[in-house]
Amino acid sequence: QVQLVESGGGLVQAGGSLRLSCAASRGTISMYAVGWFRQAPGKEREGVAAIKWSGGTTVYADSVKGRFTISRDNAKNTVYLSMNSLKPDDTAVYYCAARTGVAVTLRDNDYNYWGQGTQVTVAS
């Protein structure tokens, strides 16, 4: 079992950048595939990016390809989401989640453990 804590959210102007962190406060994140998800007010939660336990495979939603990068440092027990060229449509609560198994997916039902979320607001 792993407990996840997100950080790094905040208010940024359109075109700016943020880096979110997902740290394991309990357990070892290196054992899991990790995904980042987001949920905007009135919208369903959507998968943004995910990474294999080894870091060798990543997947991205079309809406963030070329702008967001997911990475991990297992020695630091942390997964990151670097977000560039941010748009107002990126405004949401961002969650990280971990799943057992090898597959890397953007389906939230595939994930077992969730953090509490961090707010990202992009001003126009």
Side-chain angles (χ1 to χ4, degrees):
Q1 188 171 0
V2 64
Q3 289 187 346
L4 305 174
V5 179
E6 302 95 336
S7 61
L11 173 64
V12 64
Q13 294 293 316
S17 300
L18 283 174
R19 188 176 79 159
L20 305 183
S21 297
C22 172
S25 62
R26 181 179 297 179
T28 304
I29 206 170
S30 61
M31 300 172 59
Y32 301 90
V34 173
W36 283 97
F37 296 80
R38 66 186 181 186
Q39 188 165 22
K43 295 186 177 180
E44 292 188 356
R45 185 164 57 191
E46 66 169 332
V48 174
I51 188 167
K52 191 176 180 178
W53 68 271
S54 64
T57 300
T58 56
V59 294
Y60 295 92
D62 288 344
S63 59
V64 306
K65 279 181 182 176
R67 300 189 299 122
F68 290 11
T69 302
I70 189 170
S71 61
R72 66 191 303 158
D73 186 340
N74 286 339
K76 294 184 177 180
N77 226 7
T78 304
V79 174
Y80 304 98
L81 184 68
S82 297
M83 307 184 294
N84 298 316
S85 302
L86 283 161
K87 306 173 182 180
D89 284 349
D90 295 317
T91 295
V93 177
Y94 283 70
Y95 302 88
C96 67
R99 71 179 301 270
T100 54
V102 176
V104 180
T105 85
L106 295 179
R107 296 187 297 268
D108 56 2
N109 287 343
D110 289 340
Y111 287 78
N112 311 99
Y113 308 104
W114 291 81
Q116 83 290 347
T118 186
Q119 176 71 47
V120 171
T121 303
V122 184
S124 58

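- Counting all heavy atoms, side chain and backbone alike, V120 lies closest to G9 at CG2-CA, 4.1 Å.
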Original post:
Passes side-chain contact (heavy atoms from CB on, under 4.5 Å), R38 versus D90? Steps please.
Top reply: CA-CA 9 Å; R38 66 186 181 186; D90 295 317; 2.9 Å; yes

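- Judged by distance alone, with hydrogens and angles left aside, the side-chain atoms of E6 form a donor-acceptor pair with the main-chain N or O of G117 at under 3.5 Å.
- With rounding to the nearest 0.5 angstrom, the SG atom of C22 is 9.0 Å from the CZ atom of R72.
- A continuous path of hydrophobic side-chain contacts links M31 to V34 [ILVMFWY only; heavy atoms under 4.5 Å].
- No chain of hydrophobic side-chain contacts below 4.5 Å, direct or via other Ile, Leu, Val, Met, Phe, Trp or Tyr residues, connects V93 to V5.
- To the nearest 0.5 Å, atom CD of residue Q1 and atom OG1 of residue T100 are 12.0 Å apart.
- In this structure, W114 has its ring center under 6.0 Å from that of F37.
- With rounding to the nearest 0.5 Å, the separation of CG in D108 from CZ in R99 is 12.0 Å.
- Heavy-atom minimum distance, A92 versus Q119: O-NE2, 3.4 Å.
- A donor-acceptor contact shorter than 3.5 Å is absent between the side chain of E46 and the backbone of Q39.
- I51 and Y111 sit in two unconnected hydrophobic clusters of ILVMFWY residues. Membership requires side-chain heavy atoms under 4.5 Å apart, directly or through other members.
- A side-chain donor-acceptor contact under 3.5 Å links N74 to the backbone of W53.
- Residues Y95 and L20 are members of separate hydrophobic clusters, defined by side-chain heavy-atom contacts under 4.5 angstrom among Ile, Leu, Val, Met, Phe, Trp and Tyr.
- Looking at D110 and T105, their side chains do bring a donor and an acceptor atom within 3.5 Å of each other.
- The two residues L4 and Q116 come nearest to each other via the heavy atoms O-OE1, 3.7 Å.
- A single hydrophobic cluster is seen to contain both V48 and L18, as judged by linkage of ILVMFWY side chains at heavy-atom distances under 4.5 Å, directly or through other members.
- To the nearest 0.5 angstrom, M83 atom CE is 11.0 Å from T69 atom OG1.
- We find the CG-CH2 distance between L106 and W36 to be 14.0 Å, quoted to the nearest 0.5 Å.
- Judged purely by atom type and a 3.5 angstrom limit, R67 uses its side chain to pair as donor or acceptor with the backbone of S85.
- Pairing each heavy atom of G27 with each of A24, the nearest pair is O-CB, 3.7 Å.
- In this structure, T121 contributes its side chain and T91 its backbone to no donor-acceptor pair below 3.5 Å.
- Ring-plane geometry between F68 and Y94 is classed as tilted, the angle between the planes lying from 30 to 60 degrees on a 0 to 90 degree scale.
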**OP:** Show your working on side-chain contact (heavy atoms from CB on, under 4.5 Å) between V2 and T28 and close with a plain yes or no.
**Re:** CA-CA 6 Å; V2 64; T28 304; over 6 Å; no

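- For the residue pair S21 and T78, the shortest heavy atom distance occurs at CB-CG2, 4.1 Å.
- With 3.5 Å as the limit, one finds no donor-acceptor pair spanning the side chains of R19 and Y80.
- Nearest heavy atoms, Y60 versus I70: OH-N, 2.9 Å.
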